[in-house]
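Report on the following structure.
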Amino acid sequence: MSAVIRAELARVASALGAAEAPFVLERPRDLGHGDLATNLALLIARERKANPRKVAAEVVAALVLPEGVVEKTEIAGPGFINFWLAGDQLAAALGAIVRAGDAYGRADFGRGVRVNVEFVSANPTGPLHVGHGRGAALGDGIAALLEETGHAVTREFYINDAGVQIDRLVESLWARIQQQRGVPAALPEGGYQGEYLSEAAERALVELEPPLLAGSREAATPALRRFILGQQRKEQDELLRDFGVRFDQHSSEQAIYDSGRIDVLLAELDAKGLTYTHENALWLRTTEFGDDKDRVLRKSDGTLTYLVPDLAYHRDKHERGFDRVIDVWGADHHGYIPRMRAALRALGYPDEFFEVALVQLVKVVKGGEEVRMSKRAGDFVTLRELLDWVGSDAARYFFLMRKGETPFVFDVDLARKQTDENPVFYVQMAHARLSGIFRVGGMTPEQVGDSAELAALTAPEDAELLKLLIRFPDQVAGAAREREPHRITGYLEELARSVHYWYHHCRVLGEPEATERSRLVLARAARQVLRNGLTLLGLSAPDRM
RNA sequence: GCGCCCGUAGCUCAGGUGGAUAGAGCAUCAGCCUUCUAAGCUGAGGGUCGUGCGUUCGAAUCGCACCGGGCGCACCA
């Protein structure tokens, strides 16, 4: 129905000589401003230097709408035109929500677009910390939103399993193993101190051949490397599974080296004349593509900078056919974005191909104090500890309720609270309460059907709740376009508030037949929307709490 | 010094890509239990949207300058 109004507004606009006016027809925030509002008259008035309210009157006079679409039209404020939709269309919208069920909120504007969302991508040198948890929640949330809007999504984890950090990790493990065998050994310079390596050493002593561990470090290195990378990977996988995140693909930095993709990349850049040698180092002309300085590809000592495998990796993603790549990075890497973008431009990829979602630091507060240390990991709080404290639902919700690029204080005590102060609890409780109505009524939500009479929904709270439910698909689409899952948590809190309010003011069971039946359909629809929103974000929608 | 992000109620934060009287939660204060979960609900107070100019019919939103905070400026990863 909004399409009908939009088309008619466009017709009127061109009749008034403003065919190009980029007017909007949107749902106003304020319910007192009707169901839909347009700024068309304001735009025309701007061009004509005329009085906006007079123009609005002109527009309204010119509008020709079919019967039964709009109940009331009003000119308001500086010249907005507000529309109140006819009531039976609200009832129809209610039925449509119920019939769509789990699919309500889905869209298909992403159909045919292949997106790779790469997130977490933690170094395999230690346990995942809370920052990785935030990245995991955000990456998975963005991926889910894109899927919900029709995109073909691949969730990917990039393993930095090459380089000096891994050598240091293996050396550290070797030292711990020797210490446990009673042989004095010191951790290498810049080695890994955390207790998790001692645990890994214990397992290594059980699982690996004793002669190997008693021999030279050089001889044991390949086996130790395989062992520790496998351990770390397994531990990370288990943790992420407990967090409700699964990946479609893991890609290895070492595999990039082993596959020869590095040489192909360097040859391609060279063929394009984009590299040069200066002071024994090989440089890439990224300044030609918007970077503030050229970047080194191969250092004068012959080794490659990190940019090279990373670029080869992104080139690989492009060759796998993705139209778009979204990398979720820690905000401390933001300075790396311009050079990556420039390098990808150098390869001839369109700017839309590469996108970065930044995640700021997480500070954990418990008992009113910042928690800084983890016994197991050393100088950070692990994701496992956080999950043990608050559970997966609360952790995910909290990470998603703020924009990624703002620093976040995770209040553990709040996340544990079983009261309305805790937003997760508040939203899930709204769902449980609605489920309770059906339980007490001795029926399932499905049994109430999909037909409601608007005339039987007598309270203003009924209509307000329904109008909120109608906004859900717009919220999902907006959140997906902007890669902002926090819009969904915000919406869910608003909806939960509306549900609790409605629940308090409007009886369902025991009301006159038509009202009871219609409110049951409304309750079914509200429960469905809460459930869809929670599920979308990877949270449970409990029927009881 | 250069670049990016941020500054909104006592606190934590929302404020589709310029719209109508700037919102929510917490906290504070005042109320509400014959009710489908009181594990809840209702109401009230509280703001120079960091500051100043500018663009516009209209600015928290866009531009410029300044103040204050964070991060980044590698032949590290």
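Lettering of chains follows the sequences in order, A, B, ..., and the numbering in each one begins at 1. Both backbone and side-chain heavy atoms feed into the values below; hydrogens, waters and symmetry mates do not. From a predicted model like this one, the values you see are computed outputs, not experimental measurements.
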Rounding to the closest angstrom, what is the interatomic distance between [N] and [M] at atom [atom1]?
N: B:C11; M: B:U28; atom1: P; result: 15 Å
N: B:G25; M: B:G43; atom1: P; result: 10 Å
N: B:U61; M: B:A20; atom1: P; result: 13 Å
N: B:A60; M: B:A77; atom1: C1'; result: 39 Å
N: B:C13; M: B:U8; atom1: C1'; result: 9 Å
N: B:G46; M: B:A9; atom1: C1'; result: 6 Å
N: B:A22; M: B:A14; atom1: C1'; result: 11 Å
N: B:G70; M: B:U12; atom1: P; result: 15 Å

## Note on the structure
From the list A:Lys467, A:Lys72, A:Arg471, salt bridge (charged side-chain N to carboxylate O under 4.0 Å, His left out) with A:Asp35 holds only for A:Lys467
So [X], base contact, sugar-phosphate only, or nothing? Heavy-atom distance under 4.0 Å.
X: A:Ala432; answer: base
X: A:Leu414; answer: nothing
X: A:Ala37; answer: base
X: A:Gly436; answer: sugar-phosphate
X: A:Asn82; answer: base

Provide, to the nearest angstrom, the distance between the [atom1] atom belonging to [X] and the [atom2] atom belonging to [N].
X: A:Asn422; N: B:U12; atom1: CG; atom2: P; result: 18 Å
X: A:Arg416; N: B:C26; atom1: CZ; atom2: C1'; result: 19 Å
X: A:Phe408; N: B:A14; atom1: CZ; atom2: C1'; result: 14 Å
X: A:Leu43; N: B:U56; atom1: CG; atom2: C1'; result: 12 Å
X: A:Phe23; N: B:A20; atom1: CZ; atom2: C1'; result: 19 Å
X: A:Trp329; N: B:C5; atom1: CH2; atom2: P; result: 16 Å
X: A:Glu405; N: B:G15; atom1: CD; atom2: P; result: 10 Å
X: A:Glu493; N: B:A14; atom1: CD; atom2: C1'; result: 9 Å

### Task
Between B:G16, B:A14, B:U37, spot the one nearest the side chain of A:Thr406, thanks.
B:A14
### Task
Produce a footprint string for nucleotides 68-77 of chain B: one letter per nucleotide, 5' end first; B if the base is under 4.0 Å from any protein heavy atom, S if only the sugar-phosphate is, - if neither.
---BSSSBSB
#### Entry: Under 4.0 Å protein heavy-atom contact, by nucleotide of nucleotides 38-44 of chain B - B base, S sugar-phosphate only
SBBSS--
### Task
Report the distance from atom OH of A:Tyr276 to atom CG of A:Leu297, rounding to the nearest 0.5 Å.
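That separation rounds to 9.5 Å.
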### Query
Rounded to the nearest 0.5 Å, how far does CD of A:Gln447 lie from CZ of A:Phe438?
10.0 Å
### Task
Name the orientation of the base relative to the sugar in B:C49: syn if the glycosidic angle is within 90° of 0, else anti.
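What B:C49 shows is an anti base, its glycosidic angle lying more than 90° from 0.
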### Message
Please classify the glycosidic conformation of B:G16 as syn (within 90° of 0) or anti (everything else).
### Response
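In terms of base orientation relative to the sugar, B:G16 is syn.
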### Task
State whether the aromatic ring of A:Phe80 stacks on the base of B:G19, taking stacking to mean ring centres under 5.5 Å apart and ring planes under 30° to each other.
no
### Task
Could you check A:Leu358 against A:Ile81 and say which one's nearest nucleotide on RNA chain B is further toward the 5' end?
A:Leu358
### Query
Which residue, A:Lys403 or A:Asn39, contacts RNA chain B at a nucleotide closer to its 5' end, judged by nearest heavy atom?
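Whichever sits nearer the 5' end wins; that is A:Lys403.
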Strictly by Watson-Crick or wobble contacts shorter than 3.5 Å, is anything paired with [N], and which nucleotide is it?
N: B:C11; result: B:G25
N: B:G45; result: none
N: B:C75; result: none
N: B:C4; result: B:G70
N: B:U37; result: none
N: B:C62; result: B:G54

Consider only side-chain N and O atoms of [X] and [Y], and report whether a donor and an acceptor are under 3.5 Å apart.
X: A:Thr286; Y: A:Asp291; answer: yes
X: A:Tyr336; Y: A:Asp310; answer: yes
X: A:Thr149; Y: A:His151; answer: yes
X: A:Gln418; Y: A:Asn422; answer: no
X: A:Glu461; Y: A:Tyr503; answer: no
X: A:Arg285; Y: A:Thr275; answer: no

### Query
Centre of A:Phe109's six-membered ring, under 6.0 Å away, within 45 degrees of the axis: is that where NZ or CZ of A:Arg481 sits?
yes
### Query
Charged N to carboxylate O under 4.0 angstrom, A:Glu513 versus A:Arg517?
yes
### Query
Do the ring planes of A:His314 and A:Trp329 sit parallel (below 30°), tilted (30 to 60°) or perpendicular (above 60°)?
perpendicular
